[in-house]
Each structure stands twice: as structure tokens, then as C-alpha cells.
Protein chains: 2
Amino acid sequence: MSIKYVMLGFLSETPLTGYDLKKKFSESEVFYWSGNNNQIYKTLVELHDEKLVTIEVRQQDSKPPRKIYTITERGLAALRQWLLVPAELPQFRSALLVKLTWADQLEPHELSTLLTTYETELQDHLVMLREQARRNSADTAAPRRSFGRRIADHWISFYEQDLAWVQALRHDLDTA
Amino acid sequence: MSIKYVMLGFLSETPLTGYDLKKKFSESEVFYWSGNNNQIYKTLVELHDEKLVTIEVRQQDSKPPRKIYTITERGLAALRQWLLVPAELPQFRSALLVKLTWADQLEPHELSTLLTTYETELQDHLVMLREQARRNSADTAAPRRSFGRRIADHWISFYEQDLAWVQALRHDLDTA
DNA sequence: GGTGCCATGTAATGGGTTACATGATTGC
DNA sequence: GCAATCATGTAACCCATTACATGGCACC
């Protein structure tokens with residue numbers, strides 16, 4: 001799965017600049033790309049070459065000109081076509097689970113520190129995600145069939161489940 | 001997080017060849033690298049250069065020679081040091097959640113097909129994972145503080161949660 | 001005769017990251 | 001004076017992927 005279609009997706013809602021797209025990527029983890037300049041500006045050129053978007057340059061005084069990208073009919077068709085391709089299964093990457101495989105290489109107190117640190121970080125992250133979800137669901141006046149809030153909640157539930165697991169593990173280790 | 005330390009981890013259990021390591025990566029999704037030749041053989045050279053492993057070449061008649069890699073004291077120390085570094089938070093990458101963001105671009109029956117296909121694939125995958133977990137927990141006579149089974153179960157629960165979510169979504173769409 | 005396992009490795013490519021570069025404006 | 005926002009883009013690099021290459025043996 002490439003970032004290309006996700007950018008088309010955003011552009012299907014409203015015309016945007018590269019800068020705007022960058023922000024879109026940083027606003028939600030579900031769009032898991034870093035949204036770095038290199039990729040975005042290169043991909044925009046690509047999208048334009050394939051006539052999936054049009055460019056409108058708008059000059060601004062004392063600011064760099066904005067290049068506003070608008071999706072074309074072909075772009076919308078390409079997006080739809082991509083949406084119809086069966087979605088690959090989710091990928092989970094947990095550094096903790098990998099490390100715990102060799103937990104026996106650590107002293108009990110070292111293991112305990114590892115878990116506690118992780119737990120704290122997870123909790124902080126969850127606070128952030130919940131805040132984000134709250135904000136996003138507030139301003140988006142739910143369009144007919146968009147699952148924004150539902151998706152965000154599901155996302156959060158992955159972390160919640162992970163948190164519960166670590167807590168249970170820590171509890172078991174403490175009582176043993 | 002690089003594949004390097006994971007390879008050291010495997011080598012901390014027992015000496016292995018590059019070929020063996022490849023298999024280790026394919027045996028469990030938790031070790032999420034593809035385990036392709038390029039990376040493994042290159043990394044083994046690197047590990048050897050850094051004196052984290054030693055090489056023993058064993059000739060075999062009518063088969064290519066095996067290069068058996070054994071972890072050194074320095075290797076074990078490097079592994080431990082890596083284990084102590086706080087684990088990054090897990091990363092989830094769900095193509096489905098990304099696509100559903102633009103679900104309104106699809107006809108109801110197209111959306112339905114998308115979800116059903118995904119659900120079926122998930123279920124198949126779960127069957128495979130459960131089988132894998134069963135096999136792995138059978139032959140590993142649980143060492144003192146290794147969480148193999150626990151880790152596998154947690155892994156499975158991520159997919160189960162995802163499955164439940166899709167099923168709930170599909171149910172809601174059907175009844176609406 | 002074809003597939004799969006053993007066992008090593010290389011080549012080409014793709015996808016993604018960080019960091020660099022410019023430059024004005026606003027706010028602390 | 002410093003950081004952040006707006007807004008574009010480039011350079012260097014790293015990690016990972018697929019595919020290619022070799023070659024014998026076992027099994028159906």
C-alpha cells in the first residue's frame with residue numbers, strides 16, 4: 001500500500017496543498033506515514049503526471065506561492081479502484097513483544113523497569129489519542145457514511161488492549 | 001529497531017546458520033521482518049565484523065558448507081544492552097481502517113464485499129496463528145522466564161479484536 | 001519430470017526517514 | 001532573540017523487498 005492513494009483520498013474531500021497534506025498525516029496515526037516532505041512533494045508530481053490531479057498556483061505576497069491540488073475525474077476513479085482492492089491484513093509491530101522473548105536475559109528488576117516505562121508511555125499516548133479523537137469527532141459534522149469516530153475508537157482499543165496485557169503481566173510477575 | 005538485535009536474540013539461545021535464522025523469522029509474525037536473504041546474510045557479516053558472533057564453517061559432502069554462528073560475550077552484552085532500552089510503542093498498520101475513511105466513495109454492496117472479504121481473510125489467518133501457537137507452545141518446554149505462549153496469545157488477541165470490530169460494523173450496516 | 005528442501009549469496013528497486021535549505025511573519 | 005507557522009523543495013541514507021543465481025538430493 002502506497003501513500004499515493006491516501007493522498008488521493010484526502011484530495012477527494014477537498015483541494016489541498018502539499019503542506020496541508022503533511023498536516024493531515026500528522027493529525028492521525030491511522031495514516032501511519034510520517035508525511036515527510038520528500039515523499040509528499042514527489043508523489044504530488046507523480047499524481048500530476050498521471051493526470052489524477054490538477055495544479056493551481058496561487059501567489060501570495062511575502063509568502064511562498066501555494067500550489068493547490070485538485071482531484072480529477074480520473075483521480076476519483078483511481079481512488080475508487082484502489083478502495084475496491086481487498087485490504088491487506090493489519091500489521092502489528094511490537095518492540096516490547098520482541099524484547100520480551102528474551103526477558104530471561106534480564107534481572108527481575110530490570111524487567112520490571114522495562115514494563116513500567118512502557119506502561120507509562122502507553123498511558124500518555126492513550127491520553128493523547130483520546131484527546132485527538134475528541135477534537136476530530138467534534139469538528140467533523142459526520143458525513144453520511146464516514147466512520148471517523150468509529151475508526152479512531154478502534155485504534156484506541158488496540159492500545160488499551162496492549163496496556164491491559166502489560167498490566168496483567170506485571171501483576172503476575174509481582175505476585176509470583 | 002533493527003533486525004540485528006533480534007538475530008542476536010535468536011543466537012543467544014543456540015548457534016544457528018543464516019538459513020536457520022531465516023526460518024526463525026518465518027515461524028512467527030511477532031518477528032515482523034520478512035527474513036529475506038539479503039538482510040540476514042549482510043547482517044551476519046556485520047555482526048561478525050563487530051565481534052558479536054564467531055563463525056564456524058562446517059563442510060558437508062554434496063551440500064553447500066554451513067556457516068554456524070555463535071554469539072560471543074560481547075554479543076550477549078550487546079543484546080542485554082538493547083533489551084534495556086525502553087521499547088517503543090507498538091505500531092499498527094491497518095489498510096482497512098485507512099480505506100474505510102473514504103467508504104462513502106463506495107456503493108453499499110461494494111463496501112459490504114470489502115468487509116466480508118476482509119473478515120474471511122482474518123478468520124483464516126487466525127486459524128493459522130492458533131495452530132502455530134499450539135505447535136510452538138507444545139515443543140518449547142517453557143524455560144524459566146520466557147513468555148512465548150503469552151506473547152503469541154496477545155498477538156492473536158489483536159486480530160480477534162479486529163475481527164470483532166469488523167463484524168460489529170458489518171452488523172450495524174446490515175441492520176441500518 | 002517437477003517441486004521442495006538445504007544453503008549460500010548478489011542485484012535491483014522501492015519505500016521511507018532525517019536532515020538540509022530558504023525566507024517572511026507572528027507571538028512569547 | 002527564539003520558536004513556531006506557512007510553504008516549497010532537495011540530498012543522503014537506510015531499511016527492506018522481490019527476484020535472480022547456483023547446485024545437489026529426496027520424494028512423488
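Remember, predicted model here, so these are calculated numbers, not experimental data. Residue numbers begin at 1 in each chain, while the letters A, B, ... track the order of the sequences.
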Whole angstrom is fine here: how far is it from [atom1] in [X] over to [atom2] in [N]?
X     : N      : atom1 : atom2 : value
A:L21 : D:dG9  : CG    : P     : 12 Å
A:L16 : D:dC6  : CG    : C1'   : 15 Å
B:F25 : D:dA16 : CZ    : P     : 9 Å
A:N38 : C:dG14 : CG    : P     : 15 Å
B:K22 : C:dC6  : NZ    : P     : 11 Å
A:D20 : D:dC6  : CG    : P     : 9 Å
A:K42 : D:dA12 : NZ    : C1'   : 11 Å
B:Q59 : C:dA7  : CD    : C1'   : 12 Å

Would you please confirm or rule out a distance under 4.0 Å between OP1 or OP2 of [N] and any side-chain N or O of [X]?
X     : N      : result
B:Y19 : C:dC6  : yes
B:Y41 : C:dT8  : yes
A:W33 : C:dG15 : no
B:N36 : D:dA16 : no

Exam field: side chain A:K99 to backbone B:V85, donor-acceptor pair closer than 3.5 Å: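 Judged by distance alone, yes, a pair lies under 3.5 Å.
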Minimum-distance pair of heavy atoms, taken over all atoms of B:Y32 and A:V98: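 Closest heavy-atom pair between B:Y32 and A:V98: CE2-CG2, 4.4 Å.
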B:N37 (side chain) and C:dT8 (base): donor-acceptor pair under 3.5 Å: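 Answer yes: a donor N or O sits under 3.5 Å from an acceptor.
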DNA chain C: 5'-proximal contact among A:S34 and B:T17 (nearest heavy atom):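 Counting from the 5' end, the first nearest nucleotide belongs to B:T17.
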Test item: A:I68 and A:I55 side chains (from C-beta on) under 4.5 Å apart, heavy atoms: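 They are not in contact (no side-chain heavy atoms under 4.5 Å apart), so the answer is no.
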Within-4.5 Å side-chain heavy-atom neighbours: A:E13 and A:K24: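 Answer yes - side chains close enough.
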Candidate pair B:E110 and A:R80, rule salt bridge (charged side-chain N to carboxylate O under 4.0 Å, His left out), full reasoning: CA-CA 10 Å; B:E110 291 172 331; A:R80 256 184 58 84; 2.9 Å; yes
Selection from D:dT10, C:dG15, D:dG9 that lies nearest to any side-chain heavy atom of A:Q39: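 From the listed options, C:dG15 comes nearest.
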Sugar-phosphate only, base, or nothing, as touched by A:K67 at under 4.0 Å among non-hydrogen atoms: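 If one applies the 4.0 Å heavy-atom cut-off, A:K67 turns out to touch the sugar-phosphate alone, with no base involved.
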